[in-house]
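Accompanying notes for the structure given below.
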Amino acid sequence: MTDTRIYLSPPDVGDLERKLLLDAFDSNWVAPVGPDLDAFEEQVAELVGVRHAVALSSGTAALHLALIAAGVRRGDTVLVPSFTFAATANAVVYLGARPVFVDSTPDSWNVDPELVAEELRVRAGRGTLPRAVIAVDMYGQCADYDPLLEACDRYGVPLIEDAAEALGATYRNQPAGSFGLAGVLSFNGNKIITSGGGGMLVTDDGRVAKQAKHLSTQAREPVAHYEHRAIGYNYRLSNLLAAVGRGQVQRLEQMIAARKATFEYYRRELPEFEFMPIAGYGVPNYWLTCALVDADDRDRLLTTLNARNIEARPAWKPMHLQPVFQDCVTRGGGVSADLFRRGLCLPSGSALTEHDRKRVVDAIREG
Ligand SMILES: Cc1ncc(COP(=O)(O)O)c(C=O)c1O
C-alpha cells in the first residue's frame, strides 16, 4: 500500500488561514474572546442572512443552547430525524428530554415533513406536543422547510435547524441556518469549512443570541464580582480558532465549487450508483457525495476502498437502530434503515485532486 491515504472529508487549509492564525497569536488574543471572534461571527451572520451569530466550541454546544432557548426541559419530548449524526439526539438527552425519532423521505434523505406533521397532529390530540422539532440538513442539502414550518407553526412548536453540514446551501434562495428559531453550524475538521473544531448558533432573535452568549460564558452576570443566576457552560470558541474560521469563510465558494465538481465526476463515472437525490427546492453545498448501491456491494466496496487506502463510510446508522436509543419512540424507520444498509459515502474533500478522484473510481470499478 504505497499510495497516500485519501480521506473522506479532510480539512483544506492554506496560507490565508495560517496567516490569520499567526496574526491572532501574535496579537495575544489567545483566549475565547477577541477581534477574530467578533469578525468571524459578523461574517457568518451576513452569509446566513441573520442578525446574530454566537461562536461556540462545537456544533453540539450550539444544539444544546438552541434547545435551551426553545425551552426544552427535563421530561419533554423533541422530534429528531432518525437519519442523522448522534450529536443531534444527544443534545436533547443532555437536557433530560427524550428524542422521538422521525424517518426520512427517499426524495432528499431529509426528515419527512408529512411524518412530522402526522406526529404533531397525533400528539396535539393527546396533549403531548413536543417542546421542539429539530430538522437536519443532511449531507449539505436543506430539509423541506415550507411544510415543516407550516406544521410547527400550526401547533406553536419551535423549529431548530441543524445545519451543521450545510453552510452555503440554500432552500428556495434562503440560506441554510436561517430557518426556525435558531440554526446550528459546525466547523468540525470534516465540515465544508473548519476552524479546527467549533460551531455557531445563528438566529434573528436577539433574546436567543443574548441568552446563548450568556450561557456559553458560564452565565456570569455583568458585575465585577462573580455573580451567577443560572447554570452556565464553558462553550465559547477560542479567538485563535475563529481566526482560522475567518480565512475559511472567505474560501467557502471555492470549497463548494470543488465539492460540486467531485459530485459531478462521480455521477458521470458511476452511472450505476443511485446518488442522493437533489430536491428541486434548493441548492446543496455538496458536503459529502453519497450513493445507494446493492447492500452486498456496499460492504464489498468499503473493504476494497479501504484496502486501497481510501476512506469511505456507510451512510449514518439511524438513531432508532442505535443501542443507546433503543427505548425511544420512532415514527416510520424503514427509509433510514435502507439508507444505512445501502448508503456509501465517498471521499469528497475540497482539496481532492483529479488523480485522487480517479483512484476512487478505479478502485470501485476493480472492486
Ligand atoms: C448533523 C450534525 N449535527 C451536529 C454535528 C455536531 O457538530 P460538532 O462536531 O461541531 O459538535 C454534526 C457533526 O459533527 C453533524 O453532522
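Worth knowing before you read on, the calculation uses all heavy atoms, side chains too, and leaves out hydrogens, waters and symmetry mates. Not measured: the values here are computed from a predicted model. Numbering of ligands and ligand atoms starts at 1, following listing order.
The N/O atoms of Asn190, backbone and side chain alike, include none that comes under 3.5 Å of an N/O atom in ligand 1.
Under a 4.0 angstrom heavy-atom cut-off, Lys191 registers as being in contact with ligand 1. Put simply, no part of Ala61 is less than 4.0 Å from ligand 1, judged by heavy atoms.
Atom 16 (O) of ligand 1 has its closest protein heavy atom at Glu165 OE2, 2.6 Å. The shortest contact between atom 9 (O) of ligand 1 and any protein heavy atom is with Asn188 ND2, 3.3 Å. Ranking the protein heavy atoms by distance from atom 3 (N) of ligand 1 puts Asp162 OD2, 2.7 Å first. For atom 11 (O) of ligand 1, the nearest protein heavy atom (residue, atom name, distance) is Thr60 OG1, 2.5 Å. For atom 12 (C) of ligand 1, the nearest non-hydrogen atom of the protein is Phe85 CD2, 3.6 Å.
Using modelled atom types, one finds no donor on one side chain facing an acceptor on the other under 3.5 Å when comparing Arg267 with Thr289.
Atom CG of Leu346 sits about 7.0 Å away from atom CG of Leu270, to the nearest 0.5 Å.
Using a 4.0 Å cut-off between charged side-chain N and carboxylate O, Lys19 and Asp15 make no salt bridge.
Residue contacts with ligand 1, taken as heavy atom pairs separated by less than 4.0 Å, involve Ala164 solely via side-chain atoms from C-beta onward.
Note: Trp316 and Tyr139 have parallel aromatic rings, judged against thresholds of 30 and 60 degrees for the angle between ring planes.
Taking the six-membered ring where the residue is Trp, the centroids of Tyr171 and Phe179 are separated by under 6.0 Å.
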